[in-house]
Structures are given as C-alpha cells and as structure tokens.
Amino acid sequence: MARKTHHVVHSPSGGWNVKRGGAKRASGHYATKQEAINAGRRMSRNQRTEFLIHGLNGKIQSSDSHGHDPHPPKG
C-alpha cells in the first residue's frame with residue numbers, strides 16, 4: 001500500500017505550494033515557505049499523512065509522520 005503524503009514544494013511561479021502526493025493541483029499556495037509548512041502540517045495531521053518538506057532544489061529536507069508510520073522508532 002502506498003503512503004499517503006503531503007508535500008511542501010517551491011512553485012515555479014513563485015511562492016510555495018502544499019500538494020497531496022500524486023495530485024496535479026496544489027491544496028494551497030503561500031507566499032512564504034514557513035506559511036506553507038504551517039498549513040501543510042495542519043493538513044497532514046488532520047488527514048494522518050506523511051509530511052515532506054522540499055527545498056528549492058526539490059530535494060527532501062525533512063519529514064514528519066502524522067499517520068501510521070511503517071517504521072516507528074523503537075523504544
């Protein structure tokens with residue numbers, strides 16, 4: 001089963017988008033990366049998805065699990 005995800009990605013037209021994994025359209029567009037992170041984190045928590053933050057180069061900078069993590073930490 002594929003993971004359900006939300007991504008913060010840079011928009012080619014400027015600003016930052018929050019996109020659901022596999023979606024063509026953004027769930028939201030924001031002027032700053034921090035605004036997109038805050039909104040994306042709320043969406044991810046509400047929908048219990050993995051949350052991935054990308055840099056300007058498109059590489060993943062950080063991630064959070066708000067759903068059923070397939071590899072939870074031991075402890």
Side-chain angles (χ1 to χ4, degrees):
M1 182 167 120
R3 293 188 317 178
K4 295 179 181 179
T5 58
H6 277 92
H7 301 258
V8 171
V9 295
H10 186 257
S11 173
S13 60
W16 293 84
N17 291 332
V18 176
K19 293 180 78 174
R20 180 78 187 240
K24 293 184 182 198
R25 295 182 55 184
S27 300
H29 178 78
Y30 304 89
T32 68
K33 186 174 184 179
Q34 190 59 54
E35 289 173 325
I37 290 170
N38 293 342
R41 185 164 277 128
R42 281 192 303 273
M43 290 178 207
S44 180
R45 284 183 180 145
N46 288 339
Q47 297 179 29
R48 302 184 55 80
T49 63
E50 299 291 315
F51 182 55
L52 304 158
I53 302 168
H54 297 259
L56 282 172
N57 62 2
K59 291 186 179 181
I60 296 172
Q61 292 179 324
S62 65
S63 65
D64 290 323
S65 176
H66 298 291
H68 300 289
D69 190 350
H71 303 289
K74 295 181 180 182

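The model shown is predicted, which means the values in this text are computed figures rather than measured ones.
No side-chain heavy atom of Leu52 sits less than 4.5 Å from a side-chain heavy atom of His6.
One hydrophobic cluster, built from ILVMFWY side chains closer than 4.5 Å, cannot hold both Leu56 and Ile60; they sit in different ones. Following chains of ILVMFWY side-chain contacts shorter than 4.5 Å, one can reach Ile53 starting from Val18, so the two form part of one hydrophobic cluster.
Val8 and Trp16 make their closest contact through CG1-CE3, 4.0 Å (heavy atoms, listed as atom of the first residue, atom of the second, distance).
For the 3.5 Å distance criterion, the side chains of Thr5 and Glu50 fail to qualify, holding no donor opposite an acceptor. For the residue pair Ser44/Thr49, the side-chain donor-acceptor check at 3.5 Å is satisfied.
For residues 16-25, no pair satisfies salt bridge (Lys or Arg N to Asp or Glu O under 4.0 Å), with sequence neighbours left out.
Annotation: His54 is not in aromatic contact with His10 [ring centroid separation under 6.0 Å not met].
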Would you mind writing out the side-chain donor-acceptor pairs for residues 36-43 within the sub-3.5 Å range, not counting sequence neighbours?
| unit_1 | atom_1 | unit_2 | atom_2 | d |
| --- | --- | --- | --- | --- |
| Asn38 | OD1 | Gln34 | NE2 | 2.9 |
| Asn38 | ND2 | Gln34 | O | 3.4 |
| Arg41 | NE | Asp64 | OD2 | 3.4 |
| Arg41 | NH2 | Asp64 | OD2 | 2.6 |

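With values rounded to the nearest 0.5 angstrom, Phe51 atom CZ is found 12.5 Å from Ser65 atom OG.
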